[in-house]
Amino acid sequence: MQNRDTLFSGLSELEQKHILDHCSRRKVKPRTVIVSQGSGGRDMFIVESGSLKVSVLSDEGKEISFVVLRKDDYFGELSMIDGRQRSATVTAIEQSELLVLGHAEYQQLLQNHPHTATQFLTHMLRTLANRLRATDELYQDSVFLDVSARLAKFLLNASVACQGTDTTQRRLDVQLSQYELGTLVNASRESVNKQLRDWEANGIVNVEKGKIYLLNLDHLQQTAEGL
């Protein structure tokens with residue numbers, strides 16, 4: 001529910017063109033794994049459309065998801081820069097289109113347009129810092145907030161206004177299974193299912209054909225704040 005800085009924020013149209021000229025495009029189907037935790041590769045990816053989830057497997061084999069990536073988000077930048085193994089798995093939730101910038105192409109950008117490449121890296125570091133703060137907030141939430149608060153907070157942050165309806169209602173802008181919701185709020189599928197059914201019975205949300213509509217934003221906001 002907040003405006004986000006993107007990788008291209010503050011870059012001129014010419015600077016953006018220089019970057020795009022060094023990128024290729026890739027379309028992926030739902031459930032496609034783009035990069036796997038522990039694998040090699042030096043491409044970074046910028047989301048043009050669709051949505052993807054970022055997850056890791058714990059030593060016990062439990063999947064934990066950190067975030068849903070949408071248009072203008074990016075991933076793979078660390079491996080592009082330092083060449084080390086991928087730190088997480090990224091999987092398409094729905095059909096998505098990606099811009100791909102390889103390490104060699106970034107080096108060409110640096111050689112041909114050094115100012116643009118430096119500006120691009122500066123914006124990357126700035127948005128990366130914001131993402132690290134968000135990850136730290138997720139960790140704190142998992143410690144201090146219960147399942148209902150974590151789920152309410154995620155739904156509010158991931159929702160968009162419903163078009164052509166009451167402006168006080170919102171909907172989740174990606175279709176996630178209850179298992180996927182659970183991995184994003186560090187809860188079991190059963191806990192997510194129970195909470196959604198309770199909210200639906202009380203007119204707080206409506207779950208219809210896998211889509212979640214938020215009907216009582218005040219209640220969800222209070223829940224997210226632990227009130």
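On a predicted model such as this, the values are computed, not experimentally measured, just so you know. Just the heavy atoms: all of them, side chains too, but no hydrogens, waters or symmetry mates, feed the values below.
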Can [X] and [Y] be counted as having a side-chain donor-acceptor contact under 3.5 angstrom?
X	Y	value
Arg197	Asn193	yes
Ser65	Thr183	yes
Glu15	Thr116	no
Gln107	Gln111	no

Using the rule that two of Ile, Leu, Val, Met, Phe, Trp, Tyr join whenever any of their side-chain heavy atoms come within less than 4.5 Å, decide whether [X] and [Y] are in one cluster.
X	Y	result
Val100	Ile46	no
Leu217	Ile212	yes
Leu99	Leu52	no
Leu69	Val35	yes
Leu172	Tyr213	no

Decide yes or no for [X] and [Y]: does some side-chain heavy atom of the first lie under 4.5 Å from some side-chain heavy atom of the second?
X	Y	result
Val185	Leu181	no
Ser148	Trp199	yes
Met80	Asp43	no
Leu121	Ile81	yes
Leu215	Val205	no
Met44	Met124	yes
Val160	Arg171	yes
Tyr74	Leu101	no

Please check: side-chain N/O of [X] versus main-chain N/O of [Y], any donor-acceptor pairing under 3.5 Å?
X	Y	answer
Ser191	Ala187	no
Asp73	Arg70	yes
Gln222	His219	no
Asp198	Lys194	no
Asn202	Ile204	no
Arg86	Ser39	no
Asn186	Gly182	no
Thr89	Gln37	yes
Ser96	Ser51	yes
Ser58	Lys62	yes

Calculate, to the nearest 0.5 Å, the distance between atoms [atom1] and [atom2] belonging to [X] and [Y] respectively.
X	Y	atom1	atom2	answer
Glu94	Arg31	CD	CZ	9.5 Å
Ser159	Gln169	OG	CD	11.5 Å
His103	Gln108	NE2	CD	11.0 Å
Asp218	Leu220	CG	CG	9.0 Å
Leu109	Phe120	CG	CZ	7.5 Å
Leu151	Leu184	CG	CG	10.0 Å

Determine, stepwise, if the pair Val47 / Leu98 fulfils side chain to side chain contact (heavy atoms under 4.5 Å, CB included).
CA-CA 5 Å; Val47 183; Leu98 308 171; 4.1 Å; yes

Looking at [X] and [Y], what are the two nearest heavy atoms and their distance?
X	Y	answer
Thr32	Ile34	O-CD1, 3.3 Å
Ser79	Gly41	CB-O, 3.4 Å
Ala88	Val56	CB-CG1, 3.8 Å
Lys209	Gln175	O-NE2, 3.4 Å

Could you give me the CA-CA distance, side-chain angles and deciding distance for Arg150 and Val147, then say whether side chain to side chain contact (heavy atoms under 4.5 Å, CB included) is met?
CA-CA 5 Å; Arg150 297 199 301 272; Val147 172; 3.5 Å; yes

Can you list everything that forms a ring pair (Phe, Tyr, Trp, His ring centres under 6.0 Å) with His22? Sequence neighbours excluded, please.
none

Should [X] and [Y] count as an ion pair when the cut-off is N to O under 4.0 Å?
X	Y	value
Asp21	Lys17	yes
Lys53	Glu63	yes
Glu48	Lys71	no

Evaluate the side chain to side chain contact (heavy atoms under 4.5 Å, CB included) criterion for residues Leu128 and Glu77: first the C-alpha distance (whole Å), next the side-chain angles of each, then the deciding distance (0.1 Å), finally the verdict.
CA-CA 9 Å; Leu128 182 59; Glu77 72 290 344; 3.6 Å; yes

Can you list the steps and then say if Val68 with Ile93 is a side chain to side chain contact (heavy atoms under 4.5 Å, CB included)?
CA-CA 9 Å; Val68 174; Ile93 297 172; 3.9 Å; yes

Can you establish whether the number of heavy atoms outside Gln16 located under 6.0 Å from its atom CD is more than 12?
yes

Determine the interplanar angle of the Phe45 and Phe75 rings, folded into 0 to 90°, and report it as parallel if under 30°, tilted if 30 to 60°, perpendicular if over 60°.
parallel

